[in-house]
Protein chains: 2
Amino acid sequence: MNDSRIIDVANRAGVSVATVSRVLNGSNLVSGKTKSRVMQVIEELNYTPNAAAKNLRSKRSMTIGVVVSDIEVSYYAEIIKGIENMANSLHYNVIICDAQNQKEKEAGYVSLLQNRTVDGMIFVTPFLSNQELVALVEDGFNVAVVGRLIEHSDIPCIHTDNVKIAIDVVSHLIEQGHERIAFLSGYADAIDSYERLEGYMKALRGANLPFIPDLIENGDFNEDGGYQAFLRLLGKKASFTAIFAANDEMALGVYLACKELSISIPEQLAVVGVDNIRITKYVTPRLSTVEQPKYTMGALLAEKLIDRMNEDVYHDQRVFCVESKLLIRESSSFSRKQ
Amino acid sequence: MNDSRIIDVANRAGVSVATVSRVLNGSNLVSGKTKSRVMQVIEELNYTPNAAAKNLRSKRSMTIGVVVSDIEVSYYAEIIKGIENMANSLHYNVIICDAQNQKEKEAGYVSLLQNRTVDGMIFVTPFLSNQELVALVEDGFNVAVVGRLIEHSDIPCIHTDNVKIAIDVVSHLIEQGHERIAFLSGYADAIDSYERLEGYMKALRGANLPFIPDLIENGDFNEDGGYQAFLRLLGKKASFTAIFAANDEMALGVYLACKELSISIPEQLAVVGVDNIRITKYVTPRLSTVEQPKYTMGALLAEKLIDRMNEDVYHDQRVFCVESKLLIRESSSFSRKQ
DNA sequence: TATTTTTTTGAAATCGATATCATTTTGTTT
DNA sequence: AAACAAAATGATATCGATTTCAAAAAAATA
């Protein structure tokens, strides 16, 4: 264990703790001679400063906490890597908290982070409501959010242009000759859901196609939810030849149902998802989807958050919107035009 | 921000900080009356103790650090969930450090954890050598390791019976009528690799089949490494009808190469992997693999580590070996017997 | 009621760092 | 060499909790 303290270093080097502290923190008001002697002693004793003491006194931990709803989802894992690498390069450490899809667990982590005196928090989760986030800010915490836009607040947010995503997907399907396109949405109240719905409707309107409410069904962003929602959609008997799933997981649920019902993709049904999770390249047929710059989103947001933490005044941009890219693969490349 | 301190609570409640501390820590030498008054004030001020101060004084953080080589690998994610839930239920928090497959990054996290005064560390990574782990222990840290066995040490370890895994897989292939079975190993020096090689050889011997050194090739546990190693294997011209990959990622590499070379699985080549990662169920044909009780491994190890941290003397079991289960799916269910 | 025991409480030291302010040392200028 | 400025160092308060030890209050006993 590291049982040497700053005072041990000071004694051994024949200086005061203040001087050692200066050396430790790279102050320039210490002579080169003293500095090298202290550093040598630090080396000899294999001394490392006690973080608790340091945090207590300096009131900062050079750590940011990341709360993620489920690390097992590779989509999130990628974002976290972006956050982590950017934070590290700015000399910050990252603590990852996995809420495991449980709201209570998430709440527990939030209070853990509050107590742990992390200098900032990034939320990559749909559970915490906007109000709760704003409350955290009002409580004095540095908060940032990826994946959604918090209106009427000062919270740095990074999100994708969901309307454009939906327009891209639906336009592509229309181009392939589809006229009745179902939309498998996520949670009805998730911003992703209704923004994509908006894009979906826009694209239909743009192509002079009717909007059929029966072709909309809500899921929960998970595979099983997609499966169930798809079955409900089929139950409605409003026929459709293509389906736009709000994310890849739900699209996988559609795949599963199609397999069981012997519906062939893409001949009988074209499917497009969103997120470009790894599995999409391994399923047959490969799933058309939308690539989001996940890593970049994480990195950019981390940078902005840390910037803000270190400036007293900032007039910087708060909301960031990144571009996504439609990846056309086999699941949607059967043209119905002749 | 939580700016109220213990002394604020004390003043407002008209007691000393010692008393508040007692209430906070559930000491039973405080009267019921005082206790409820203090608790009410805590509530009113929305007070939470400062973790840095607490850690500094009590020299424990009720936190364990988990170093994982790559959170994006769902295999690890599952283990972490096990660790986390067990730790939480024992009132410990978990800090996840993602080494992103970089040894230096891992080293950085190790020193971070050392300073952060986590009470214990769990390593889910192949990078840190046994020596380095032992050094950590000698330095006074509570360390535990998942996925390998550290000999001549007191480190709690949890691992699977790799020999049995290999025997199960190879015996299954032999039963299907295969006589020339290639083994796509991982890093040559990884314990998983040579234990599985041992099982592979044992199974062959048991069936009176010859051991052909040319049928062994090493990869790196990743998809691309599996792809490359498989190509090298093909280059050797020692023919084989089945392949046992040291993990699923490498088996996916084999799938990729087979697709490019129009080798059909399982008719021309049977493939079996290990780990049962999610993708195995989505590829065509579904990949036969070996399920490891990942969640249980994480949970059990966390429990043992925390037990040890809290006991001065322990004569408890140190090494845990969990059972794995072969999952036969389509990639290996084409029988060559007639 | 006086005395002893038990229960509650508080004062103050402590954990190990940082940061302020005073002081000493060194270097410059006249 | 004297006077002053600048650079380097140290003594000490401080962060906010826990913990020890002593003191006070309450309860039990004589």
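As the structure is a prediction and not an experimental result, all values here were calculated from the model. Chain A is the first sequence line, chain B the second, and so forth, proteins listed ahead of strands; every chain is numbered from 1.
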What does A:Asn28 touch in the nucleic acid at a heavy-atom separation under 4.0 angstrom: a base, only the sugar-phosphate, or nothing?
-> sugar-phosphate

Reading nucleotides 17-28 of chain C from the 5' end, what letters show protein touch, with B for base, S for backbone sugar-phosphate only, - for no heavy atom under 4.0 Å?
-> BBBBB-------

Listed by chain and number, what are the side chain to side chain contact (heavy atoms under 4.5 Å, CB included) partners of B:Ser36, not counting sequence neighbours?
-> none

Check ion pair B:Asp70-A:Lys81 (N to O, under 4.0 angstrom) | yes

Flag the pair B:Arg148 / B:Asn130 as yes when at least one side-chain heavy-atom distance between them is below 4.5 Å, and no otherwise.
-> yes

Acceptor/donor pairs from residues 25-35 of chain A side chains to any protein atom, 3.5 angstrom cut, sequence neighbours excluded:
{"unit_1": "A:Ser27", "atom_1": "OG", "unit_2": "A:Leu29", "atom_2": "N", "d": "3.1"}
{"unit_1": "A:Ser31", "atom_1": "OG", "unit_2": "A:Thr34", "atom_2": "N", "d": "3.3"}
{"unit_1": "A:Ser31", "atom_1": "OG", "unit_2": "A:Thr34", "atom_2": "OG1", "d": "2.6"}

When all nucleic acid strands are considered with a 4.0 Å heavy-atom cut-off, which category describes A:Gly14: base, sugar-phosphate, or nothing?
-> sugar-phosphate

Rounded to the nearest 0.5 angstrom, the CG-OH distance for A:Asp192 and A:Tyr187 is 11.5 Å

Reading DNA chain D 5' to 3', which nucleotide is the first, and which the last, to come under 4.0 Å of any heavy atom in chain A?
-> D:dA8 to D:dG16

Is any side-chain nitrogen or oxygen of B:Thr19 closer than 4.0 Å to OP1 or OP2 of C:dT9?
-> no

Taking for each residue the nucleotide of DNA chain C with the nearest heavy atom, is it B:Leu56 or B:Thr34 whose nucleotide lies nearer the 5' end?
-> B:Thr34

Less than 4.0 Å between a side-chain N and a carboxylate O, is that true for B:Arg12 and B:Glu44?
-> yes

Applying side-chain hydrogen bond (donor to acceptor under 3.5 Å, both in side chains) to B:Thr63 and not counting sequence neighbours gives A:Arg116

Rounded to whole angstroms, how far apart are NZ on B:Lys59 and C1' on C:dG16?
-> 8 Å

A:Val17: side chain to side chain contact (heavy atoms under 4.5 Å, CB included) partners, not counting sequence neighbours | A:Ile6, A:Ile7, A:Ala10

